[in-house]
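Shown next, in structure tokens, is the structure this report addresses.
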Amino acid sequence: MPEQQDQELFDEIVRHIGEFVESDVSYLTPDSHLATSIEGMSSLKLVELLLYLEDCFNLEFDDSVVGRLESMRDLVHYVRDLRNAQQQPA
Amino acid sequence: MPRRSVVVTGMGVVCPLGSTVDELWEGLLTGRSGITPLTRFDPGRFHCRYAGQIDDARVTFAPGPFQFEIKRMSAFVRYALFAADQALGSSGLSAAGHHDLNPRQTPPGYPLRGAVFLGVAMGGLPSIEAGVLRQEQRGVRKTSPFLIPSLIPNMAASTIALRHGIEGEQTTIAGACASGCQALGQAVRAIQSGSCAWAVAGGAEAVTTPITYSGFEAMRVLSRCEDPALTPRPFDRERDGLIVGEAAAVFVLEDRAHAEARGAVIHGELSGYATNSGCDNLAAISPRYAARCMTSALADAGLEPEAIDCVFAQGSGMVQGDAAELEALQAVTATARRRPIVTSVKGHTGYAFAANGPMNLACALMALRHQTVPPTSKLEKTDPSFTDIDIAREAQAAEVRRCLINAFGFGGINASLIVSRA
């Protein structure tokens, strides 16, 4: 994840995930797998996590995204792209 | 072959009087009332504005499996689990050797042949209301994926089984206000049959939410008394209805031979149980069927009515319900050489639906231990119909060897348990 903006977004997402699971997840890396790298993660928890992140970033994720995001890198890119799309003039 | 004896080896309670069995008992004997102005929502539009509420600050959980999920469960699940944690902890049943496992991932170890039987009447009504409001306010897609798991009635038993790694049968009974008593009875029968050696059993309810108040006000069963110090008042001639209470009472029941082999402390024996259908009315208690249920429980225990020292009544404070229960009791004990003392704890705790029977069992076990009958709080002027019945107004020392516990539910469900000194 070479770009500084992506790194900052990654750090922000890690912070929010830590708030959500109420534990230290600073061990996460861009390659960490969303479904298996976070202790106690389950399919329901992942859906709830995405709802939580929607609120944190004031975004609305596509309903199908839960099946498409595998790694932390995927999540960072998805949030980045969605943010950018929202900032584009209509 | 003699029937297996089923004993109580663990107790756990959370209710408006406190978060331990000792706090409950102290509250009963000192006449403390858990009925207070309702704070879970603004009750301004209802006639009844009181409840027996649990102090959620007391309901905490040690690190362990499913910590995240437990926080998202409806209150009845969390209360049931809290009481079950106490019961299992006090039973000494946990197997040794699991302390080196990761407590965040691995359930504690318990002997095999354990089961869970929980009674829940209305489940997660507060979660249903909150879920509807959330989708109205924020849209359907903002619904939590934990909404359904948090509110389905079995989740109390399921969470206990999951968190504690109990691998046998888990059964949830929805028998309205008799649910918890029926769950205890089913656990007794399962242990008697040999299908399990021990079981976590009891009941939980937490439905302090607007739909409960609107529904029960429509049925005219909630008290409209404006002074929480005077309501509910079971068996009083001025009783005018029930007050909603929150509670969970959960026990470890065990085959006596299994309990004695491991040197467990035995709090009492569940020596009789019966349940039946009162076919007279959808919502009212049928005196003749309630009497038949009590008589059947006595027969199951091999006892005559005079063997009962104390009755822990349903005694809700409802006009018809209290009269029907005592009419039934009069019939059961009509020819008895001595009659039991009757008491109701609803004036202290409120009416906790599925948890009524298990709460009564907790109180009865303490009465057996302390040889004291707790008072019927707020009873001042006994209904003239009940003057031949010895209703405990004050805490009184008495020889308490056996107690009868009643619980009755909508749909004509009656359940009675006999608990005896160990």
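Proteins get letters first, then strands, A, B, ... in listed order; numbering begins at 1 in each.
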Does the side chain to side chain contact (heavy atoms under 4.5 Å, CB included) test come out yes or no for A:Glu22 and B:Gln67, once each step is laid out? CA-CA 10 Å; A:Glu22 296 180 16; B:Gln67 198 88 9; over 6 Å; no
With a 6.0 Å cut-off (strictly less than), is the heavy-atom count around [atom1] of [X], excluding the residue itself, greater than 12?
X: B:Glu167; atom1: CD; value: no
X: A:Asn58; atom1: CG; value: no
X: A:Glu19; atom1: CD; value: yes

Between [X] and [Y], what is the shortest heavy-atom contact and its length?
X: B:Glu69; Y: A:Gly40; value: OE2-O, 4.4 Å
X: B:Arg72; Y: A:Phe20; value: NH2-CE1, 3.9 Å
X: B:Lys142; Y: A:Leu51; value: NZ-O, 4.0 Å

Return yes if some donor-acceptor pair links the side-chain N/O of B:Arg141 with the main-chain N/O of A:Asp62 below 3.5 Å, else return no.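 Side chain of B:Arg141 to backbone of A:Asp62, a donor-acceptor pair under 3.5 Å: no, none is there.
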Can you tell me how far OG of A:Ser42 sits from CZ of B:Phe66, rounded to the nearest 0.5 angstrom?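 If we round to the nearest 0.5 Å, B:Phe66:CZ and A:Ser42:OG are 9.0 Å apart.
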To the nearest 0.5 Å, how far apart are CZ in B:Phe68 and CG in A:Leu44?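 Taking CZ in B:Phe68 and CG in A:Leu44, the distance rounds to 9.5 Å.
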Should B:Arg138 and A:Glu54 count as an ion pair when the cut-off is N to O under 4.0 Å?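 Salt bridge flag = no for A:Glu54 with B:Arg138.
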